[in-house]
Structure formats: structure tokens, C-alpha cells
Amino acid sequence: MIKTTPIRRRPAGFTLVELLVVLAILGLLAGLVGPQVMKFLGSSKTKTAALQIEDLGATLDLYRLELGNYPENLEDLVTDPGAPNWNGPYLRKGQVPKDPWGHDYEYRVPGQNGPYDIWSLGADGEEGGEGEDADITSWVKT
């Protein structure tokens, strides 16, 4: 009779060293890619605010065509101000949108830069600023 020795097999799975190497690689990737993603996220909020301001401007122009004047405030676009020709709400969701940072849009009629002015104060919610904190306005195209 031939005697055979059983073959020892390594248990399936990863070793602690292999897991640590993978975690280190993931950490490096997150450190390199994360800041780039955050930069794009900030610029997309600025672009979103500019598009919302354009949409609000088009809605204000429609309101003026139907009623003969611009509303006193943006809420008049969604709530009946008591005007006889009001065919609203003029905004799809029935509410005035907030800017991408959760602040109300500023509105002035008559405007200093046109028939009306609409603007967002940016991420910081204060006038002025640079980058993501910069104001986005209806009278300066970004």
C-alpha cells in the first residue's frame, strides 16, 4: 500500500496585510480625487444658481405680459396677489425656489440694473465674495 499525505490548503480569504494595502490605496485615491470632486461640486452650484435666476427672469417676464407689471415680490408668482388676470402659479412646483445653498433669492423691482434685479448672495450668504462665495446676479452673466 502506498501511503499518501493529505495536501494542506490555505484557508480562503484575505490576509490582514492584503487588506491594509487595499485600504492604503483607497485612502490615496480619495486624497487625490476628493478635492477635485469638491471643486466641481462648488462650480455646479454656482451654475445652478445662474440657471435658476434665468428661469425666474423668464417667469417674471411672463407675469408682466399677463398682468402689465412685475410683481412686488417673488411670492406673487405662486400666490394670487388679487389681480384679475393672474393665471398662476407661474412656477411649476408652486413655490419659489431657494438658491443651491438654501438661501432665498434677493429681488428688487424696479431694478438698478434693469426692470428688475434678482441675485443670490452665494455660499456665504453675504454680499461680495470670491469663488463659491461670490454673488450671482441677473445683470452679469457667468
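In this text the structure is predicted, and so the values were computed from the model without any measurement.
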Quick one: do the Trp101 and Glu132 side chains pair a donor with an acceptor below 3.5 Å?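 Judged by distance alone, the side chains do pair up.
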
Side-chain donor-acceptor pair under 3.5 Å between Tyr63 and Asn69, yes or no?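 Absent: no donor and acceptor within the cut-off.
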
Does a side-chain heavy-atom distance below 4.5 Å link Leu91 with Asp55? no

Heavy-atom pair with the smallest gap, counting every atom of [X] and [Y]:
{"X": "Leu56", "Y": "Pro97", "answer": "CD2-CD, 4.3 Å"}
{"X": "Gln52", "Y": "Asp99", "answer": "OE1-CA, 3.9 Å"}
{"X": "Pro71", "Y": "Leu77", "answer": "CG-CD2, 4.2 Å"}
{"X": "Ile53", "Y": "Ser120", "answer": "CD1-N, 4.1 Å"}

CH2 of Trp119 to CG of Asn113: how many Å apart, nearest 0.5 Å? 9.0 Å

Nearest 0.5 Å please: distance from the CD atom of Glu106 over to the OG1 atom of Thr137. 12.5 Å

Give a yes or no on whether the backbone of Arg64 and the side-chain of Asp61 come within a donor-acceptor separation of less than 3.5 Å. no

Dump the intermediate steps for side-chain contact (heavy atoms from CB on, under 4.5 Å) on Asp104 and Lys98, then the final yes or no. CA-CA 5 Å; Asp104 290 328; Lys98 294 195 177 289; 2.5 Å; yes

For atom CD of Glu66, is the number of surrounding heavy atoms from other residues, nucleotides or ligands below 6.0 Å larger than 12? yes

